[in-house]
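Working notes, beginning with the structure itself.
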Amino acid sequence: MTTTLLETLTRLQAALDQLAGSLKSASAESVLDAEAPLATAVSAMGRLRRSDVADADPAEVRQAIAAVRAALSRCETLGTTAEALGRAASVDEPYSRRGLQLVPATGMRRALPAS
């Protein structure tokens, strides 16, 4: 069975959406379960032939790529947030003789647009 470029991109988006849902659930098991479909989808991208790409409608491909990029961006944002929360929750010495040790917010602040 031949898989088209659009089918492959749709599967990749679905795998990324599954990963995003897993990251939102904060379940390590769910995140690990999302790994196999993502690996399969990425692997399928590497198996596409030039003819699969050439036969695809450019407008549909652009839309599919935009959807994949949006799903990937969600995963990156959720992953960064999960990592920061994990760091904040696992401070080595949250309280000692020196008092409360606060976690710096490095990397969490975004530049505000110029007004």
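These numbers come from the heavy atoms of this one structure, side chains and all, not from hydrogens, waters or symmetry mates. What you see is a predicted model; the values in this text were computed from it and never measured.
L16 contributes atom CG, which lies 14.5 Å from atom CZ of R11 (distance to the nearest 0.5 angstrom). Note that CG of L12 and CG of L38 are 6.5 Å apart. Values are rounded to the nearest 0.5 Å.
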Between side-chain atoms of residues 56-70 and protein atoms elsewhere (two or more places apart, or another chain), which donor-acceptor pairs fall under 3.5 Å?
none

Kindly list each side-chain donor-acceptor pair under 3.5 angstrom involving residues 23-37, sequence neighbours excluded, with atom names and distances?
residue, atom, partner, partner atom, Å
S25, OG, S22, O, 2.7
S25, OG, S27, N, 3.2
S27, OG, S30, N, 3.1
S30, OG, S22, OG, 2.8

- Item | D17 and R74: CA distance, side-chain angles, deciding distance, side-chain contact (heavy atoms from CB on, under 4.5 Å) verdict | CA-CA 8 Å; D17 287 341; R74 279 191 299 278; 2.8 Å; yes
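Side-chain contact between L9 and L5 is present, with at least one heavy-atom pair separated by less than 4.5 Å.
Panel note: side chain S43, backbone A39; no donor-acceptor pair is recorded below 3.5 Å.
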